Number of protein chains: 2
Amino acid sequence: MTIASAPKKRTRIQAQNEAKIIRAALDVFSTHGYRGSTVDQIADTAGMSKANVLYYFNKKQDIYGAVLARTLDVWLDPLDEMNPDGNPIDELWQYAQRKLQMSREAPRASRLFANEILQGAPVIRSFLHHELKELVHRKCQVMQGWINDGKLAPVTPLHVLFLIWSATQHYADFDPQIQALHDADDNTLYHDAERTLKTILTRGLAP
Amino acid sequence: MTIASAPKKRTRIQAQNEAKIIRAALDVFSTHGYRGSTVDQIADTAGMSKANVLYYFNKKQDIYGAVLARTLDVWLDPLDEMNPDGNPIDELWQYAQRKLQMSREAPRASRLFANEILQGAPVIRSFLHHELKELVHRKCQVMQGWINDGKLAPVTPLHVLFLIWSATQHYADFDPQIQALHDADDNTLYHDAERTLKTILTRGLAP
DNA sequence: GTCTATAGAATGATAGAC
DNA sequence: GTCTATCATTCTATAGAC
């Protein structure tokens, strides 16, 4: 699952510098969005000159495309791991758990996509409509099977995915709001988030 | 609840033009974020010249601040309506329902805040830390009371709010992804979203 | 491969006529 | 209040020396 073709053969120094630029670009694009980021910022973060950055990637757009492509693969991976033969509630909860963990460990990846989609998904639009739609459709059929077998509450599978995505990515994407609202002196943020999400997914809010 | 002082006295034409600019600016800022928007775009959308827009608001930042301030009030309103004496599950579900309806009817307001927070909340940071924190703290105490009385599952109130916010605003903020994944020929998007969210909040995914 | 210098375009903001 | 013209800055991208 990718939106770009495989990388061409490179010398060692090329690969290293490209990787350094990609890392810096993830930092910058995820925080400021495409338009809000400058090649200068990326160069500074990577510890290179602007001209040198543009030697490896001809255009700002090319850097952005490369970062999106590299991040996309890993970001969507866990969805594929949902096991049709497992216990439905367990499988969904484990998926949610993995997504929450990813929001915690790779918040920049989450924010990169959030920025991209929020601003109309100009670059990954085709990917969403084809590769992602295909994958999601398969997983929704699995979930619909569980519902038909009476192993899952009568919900709309697609919207269960939306809820899991939104509830978990929220902790990365809305971090400034979360930091503002939760007591700075308690270290239980993700622990409480996990417990509450598990409770709601498995049994709802009823006492 | 506001982040700006009350408007000063204005002539009729001033008020009309300022309103026209604010409407156009909500369009533009919510789609492209602060840095991604230009005064020219706002002027075009408002049907005015750039110079004339800057006659009413001296700086681009001033337009942005005005849009945020006007939108903030209405956006947070329903949280205040949660009734401590009502049935806990009903109150929370009704709040979620109102939020979902707002995502549908005012998606640009949702995206405006999403852009602002995603990029570090530079303008509303202080608002989040004071006014919003105070309001949320009050509501969380109400919910904690419900839990202590055994009327609500043992969850962390703050994270229940996060889940309701994220799950509902997702339909506005991630619209391009949602449009890509749901069958274009079915008109039941918000209906299914509401049903699924209600099911999960009230009884979870268990069959 | 990396640097300095700079061209060329976009953008925020102002001046001044009407 | 509104317009045209323009300045000043920022930014992408390229040229050319080393």
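Every chain is numbered from 1, with letters handed out A, B, ... down the list of sequences. Model, not experiment: these values are computed from the prediction.
Computed from coordinates, the A:D62 CG to D:dT12 C1' distance equals 12 Å when rounded to whole Å. Between A:I42 atom CD1 and D:dA13 atom C1' the separation is 14 Å, expressed in whole Å. Distance CD (A:Q61) to P (C:dA9): 17 Å, rounded to an integer number of Å. Atom CE in A:M48 sits about 16 Å away from atom P in D:dA13, given to the nearest Å. The nearest whole Å value for the distance from the CD1 atom in B:I63 to the P atom in C:dT11 is 14 Å. Rounded to whole Å, the distance from CG on A:D44 to C1' on C:dT2 is 15 Å. Between the OH atom of A:Y64 and the C1' atom of D:dT12 there is a distance of 17 Å, given to the nearest Å. Nucleotide C:dT6 holds its P atom 17 Å from the CG atom of A:D40, rounded to whole Å.
Each of B:R35 and B:I13 lies near DNA chain D, and the nucleotide nearest B:I13 is the one positioned closer to the 5' end.
Of the candidate nucleotides D:dC11, D:dT12, C:dA13, C:dA13 has the atom nearest to the side chain of B:K59. Closest to the B:N52 side chain, of the nucleotides C:dG1, C:dG12, D:dT2, is D:dT2. Of all nucleotides listed (D:dT2, C:dA15, C:dC3), D:dT2 comes nearest to the side chain of B:Y56. Counting only heavy atoms from C-beta on, A:K60 has its side chain closest to D:dT12 among D:dC11, C:dG1, D:dT12. Checking D:dT14, C:dC3, D:dG1 against every side-chain atom of A:L54, the shortest atom distance belongs to D:dT14.
Ion pair B:E194/B:K198 not flagged as a salt bridge, since none of the NZ, NE, NH1 or NH2 atoms sits closer than 4.0 Å to an Asp/Glu carboxylate oxygen. Using a cut-off of 4.0 Å between Lys/Arg side-chain N and Asp/Glu carboxylate O, B:K60 and B:D40 are scored as not salt-bridged.
Using a 30° and 60° split on the angle between ring planes, B:Y34 and B:F29 fall in the parallel class, below 30°. The aromatic rings of A:F174 and A:H170 lie parallel to each other, their planes meeting at an angle below 30°, with 60° marking the opposite boundary.
Residue B:T38 has no polar side-chain atom (N or O) positioned under 4.0 Å from OP1 or OP2 of C:dT11. Within the structure, every side-chain polar atom (N or O) of A:S49 is placed at least 4.0 Å from both OP1 and OP2 of C:dT2. Residue A:T11 places at least one side-chain N or O closer than 4.0 Å to OP1 or OP2 of C:dG1. Under 4.0 angstrom from either OP1 or OP2 of D:dT2 there lies at least one side-chain N or O belonging to B:N17. An OP1 or OP2 oxygen of C:dG1 is reached within less than 4.0 angstrom by a side-chain nitrogen or oxygen of A:Y55.
If you check distances only, the side chain of B:K50 does reach the base of C:dG12 with a donor-acceptor pair under 3.5 Å.
For the residue pair A:Q41/A:D27, the side-chain donor-acceptor check at 3.5 Å is not satisfied.
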